[in-house]
Amino acid sequence: MKLSVDWLNEFTPLSQVPFEKVLEKINTSICEIDDVEEFKVHLSSVITVKIKSLEKHPNAEKLQTTIATDGSKDYQIVTAATNVKAGDIVPLALPGTKLDGKEILDSELRGVRSQGMYCSEKELGLALESSGVLIFPADTTLGISVRKLFLWEDTILTIDNKSITHRPDLWNHFGFARELASQLQLPLNDFPFQADIKLESGNDGLTVTDSEHAHAYYVCSIQDVNITPSNPKIKSRLEKCGIRSINNVVDVSNYLLLELGQPTHFFDRERLQSTTFSVIKSKDGDTFPLLDDTSPKLQKDLLLIQNGKDPVALAGVMGGKDSAVIDSTKNIVMESAVFKREDVRYTIRKTNIRTESAVRYEKGLDSYTCLPVIKRAVQLLKENGNPKIKVFSPQGFNHTESKSVTIKTNLSFLRHKLGKNISQSEVTEILKRLGFTVTNEGEELTVLVPKYRQNYDVTIPEDLVEEIGRTIGYASIQTQALSMAVETPIRNPLRELERRVKNFLALEVGFNEVYNYSFSSPADAKLEATLESSSLKIANEMPDEYSLLRNSLYPGLIKQAKLNQDRFDSINLFELGRTYHKEGKGSELAEEKRWMSILSLSKNKPNDLTAVELEFLQLRETISELFQYLNLPKFQWSKTTRNYFHPNAALVLSYEGNEIAELGILHTRYADEYDLKRRAILSKINMELLVEIWEKWGRNSHFIPPSNFPQGQLDLSLLMNEKEATEPFANLVKTMNIPELESVFVQTIFRGESVGEGKKSVTYRFQLMSYDKTFTQDRFKELSDSLVEAAKVNGYNLR
């Protein structure tokens, strides 16, 4: 947002305060300033001069030599312009002026000195195209700069919009000046809302239908307008704030927006089909031409202004083209309204149209300005080329006219929150300066919030703390050490466990942590089919892609993998996060669950099943190592089925009969849906169940002193059917109670012509450890024979 310092000075005498202090106060107590700029300062050296004489250049057919005066000094100028003559008053850029990135020099053109350059409207920034030198009216003062002539001698403040999104009262010059006056303790001129105008009797036939879709809505008939260019003051102020001047009626609406922050709109009375106005909601497919020359098809429930049976404006956003003010307009209808900010935000989102009016409405305006702004508009219309207009009584409604916000608090609360011992008189004085009405009863305060701050802005005692704090300056509040007992912090086992798990995955095995939004789409909710029915829809309307709270962490990880699959050979990700599930009905709260999810993207081609299977086993081993790291060695893997995993590559890890984790290769159906080019191996760990197991068993000592004797190992290869599980034989061996057996796991799986079609060779590795003697060849043979015998007895074929 841009603010004119000259315009602010009209409401409060900022010139009485050093400008640096004004900027400091804005930055420390009101909002952030992005930029401070002298408006068109490069035109300070472009002055008005009168051409005294003009003759043909002696050495160039298309050039002319002129003598011009600023009233006290003469200049010799060589020009190629053909539209100037002696007696014309024109703009002259003196040497040193920079226009369009080029510096004007005192130079010679074909042997004749030229002490500057005459300027066109394009060169001054007044038009996109121009054919000759700009010629001023004959009564223009000589020797003044173009900046002064066009009222451009001004400083422009560019305000960071994000810092005032909660302050709709600051989105205009009067509101900003009112805030500055209170902060700098300067007087304030209240004239914009005190305009005194004469109204004609009656309503000139206009009527307004009461509607719940607006806080307030008024229309006013104005006759005998004359469409002309605006006066220099209004034109220059609009331009300085980045708004193009259109005509003396439309400019008044834009001027009011910048001056008072209250959007208004003018309709051409003769182009309207009815005298009745109403605020309605659109039907799906409605359409009408807008001021930006588009005719979008509207979705359902957008807020419209209807004239009779015809829509004439997107309420609060943009007017219709068919009822707009044009050069031949003689009678107009002025609209002054305040719409619900939620409705305006909905329209912005659905139409992607964001105007200066909509930006202010979406912040939440109060309706108290609706009628006063009509009086100010009439005053401006008369000053801007329409002194003889007839104005009839406004018609409409105001549903929030009696609204008020009162806050009860006390000095003890304010002092405690501020961290400063502030007096009652100081509190009262600050709040009154800011426009609040304060009533004291001892240390108890009753504060009436001004109307321009009561909508969504100042509503609770903490808001008053902020008002006082920013006014006295946060730097004036001394930093003090906390006065509190040093106590042993309460343990949070879940947080401790999460840190351990994250440390293992990130530091021990080199996985990368990611963070994803908690929002998801209906398509994402279908991944874990059993959870789809518990999906929780977001009440505040969101795009379909973010319309639900996520019920699974997998989709987020898959999307991250998709984005990076062409950039990295190795992709190993994990995320610690919550999922949300609405199991009950009605007012029952939704349930949160906490998970650690892992994704490892295969480095191999999707059809290289042997290599993918080895990667699957590697991730299984990584998760097993995690449980060992957590001092939980007594886990068990078993086969399972999940709709989102490959039927023959899905496992669950159990501990004491509780399923803690799952592991599987993403089903190709879902890999295709998410456009994954490589196989994805997924796992998730239920952190809430894990912390219970960890608290119960993870702190127990499972330490076994290392053996003084060397470790041994045996490998055994079995021939199995392709779809036969490998886990049963490993479990069988564990039941044999071999005292030296430390662990058993699948080392390799081989497929090929040598083992036959539909078969696979599975190599099991048995880790052996003796604590009382060294292994002998006889013991190795005895163990090997017992394993072979167990395999044969249970129907396994040796390879």
Side-chain angles (χ1 to χ4, degrees), residues 164-172 174-176 178-179 182 188 190 192-195 208-220 256-257 259-265 277-281 303 305 315-317 334-347 357-377 393-409 428 431-439 444-467 540:
I164 54 171
T165 54
H166 64 302
R167 293 290 304 272
D169 61 303
L170 297 184
W171 285 71
N172 59 88
F174 177 67
F176 208 91
R178 176 173 54 203
E179 181 70 22
S182 67
L188 177 69
D190 285 331
F193 293 111
Q194 297 177 345
V208 173
T209 304
D210 201 342
S211 171
E212 62 178 6
H213 300 312
H215 291 311
Y217 188 85
Y218 289 96
V219 293
C220 174
L256 284 168
L257 187 77
E259 183 182 58
L260 303 177
Q262 167 71 59
T264 55
H265 186 67
F277 292 83
S278 56
V279 185
I280 64 166
K281 291 288 185 77
L303 211 58
I305 304 302
V317 177
M334 178 183 178
E335 171 195 276
S336 177
V338 168
F339 305 103
K340 298 175 183 178
R341 69 173 186 171
E342 296 81 6
D343 290 335
V344 175
R345 287 177 178 179
Y346 182 78
T347 301
S357 294
V359 164
R360 287 158 175 81
Y361 274 130
E362 72 170 349
K363 305 294 183 292
L365 299 179
D366 192 88
S367 62
Y368 83 103
T369 59
C370 279
L371 285 176
V373 84
I374 293 178
K375 295 181 179 180
R376 176 61 177 157
S393 297
Q395 302 298 307
F397 59 85
N398 187 345
H399 292 155
T400 58
E401 187 174 11
S402 60
K403 178 183 176 180
S404 66
V405 174
T406 300
I407 301 173
K408 293 184 181 294
T409 186
T428 302
L431 291 176
K432 285 185 176 179
R433 268 170 37 207
L434 293 170
F436 297 84
T437 303
V438 183
T439 305
E444 300 295 321
L445 283 78
T446 302
V447 181
L448 177 64
V449 181
K451 286 187 172 296
Y452 52 85
R453 306 255 346 243
Q454 70 181 9
N455 272 7
Y456 313 104
D457 185 4
V458 180
T459 57
I460 57 177
E462 285 77 5
D463 293 329
L464 298 179
V465 175
E466 181 185 358
E467 294 301 302
N540 186 15

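Computed from a prediction, not measured in an experiment: that's the story for all the values here.
With contacts defined as side-chain heavy-atom distances shorter than 4.5 Å, the pair H265/P263 does not qualify.
Under the rule for a side-chain hydrogen bond (donor to acceptor under 3.5 Å, both in side chains), H166 has no partner lying at least two apart in sequence or in another chain. Partners of S211 according to the side-chain contact (heavy atoms from CB on, under 4.5 Å) rule, which considers only residues two or more places apart in sequence or in another chain, are H213, V279, F397. Legend: residues meeting ring pair (Phe, Tyr, Trp, His ring centres under 6.0 Å) with F277, ordered by chain and number and at least two apart, are F267. In this structure, the side-chain hydrogen bond (donor to acceptor under 3.5 Å, both in side chains) partners of T428, at least two apart in sequence or on a different chain, are N440. The side-chain hydrogen bond (donor to acceptor under 3.5 Å, both in side chains) search around Q454 returns D366, not counting sequence neighbours. The ring pair (Phe, Tyr, Trp, His ring centres under 6.0 Å) search around F339 returns Y361, not counting sequence neighbours. R360 is linked by a salt bridge (charged side-chain N to carboxylate O under 4.0 Å, His left out) to E356, counting only residues two or more places apart in sequence or in another chain. Evaluation of the side-chain hydrogen bond (donor to acceptor under 3.5 Å, both in side chains) rule for E179 yields R167, Q183, R470 as partners, not counting sequence neighbours. Under the side-chain contact (heavy atoms from CB on, under 4.5 Å) criterion, E401 pairs with N398, not counting sequence neighbours. By the side-chain contact (heavy atoms from CB on, under 4.5 Å) test, L371 pairs with Y218, I374, P394, sequence neighbours left out. Evaluation of the ring pair (Phe, Tyr, Trp, His ring centres under 6.0 Å) rule for Y452 yields no partner, not counting sequence neighbours. In this structure, the side-chain contact (heavy atoms from CB on, under 4.5 Å) partners of T209, at least two apart in sequence or on a different chain, are T276, S278.
H215 and N455 share no donor-acceptor pair across their side chains, judged by distance under 3.5 Å alone.
To the nearest 0.5 Å, atoms CG (L303) and OG1 (T347) are separated by 6.0 Å.
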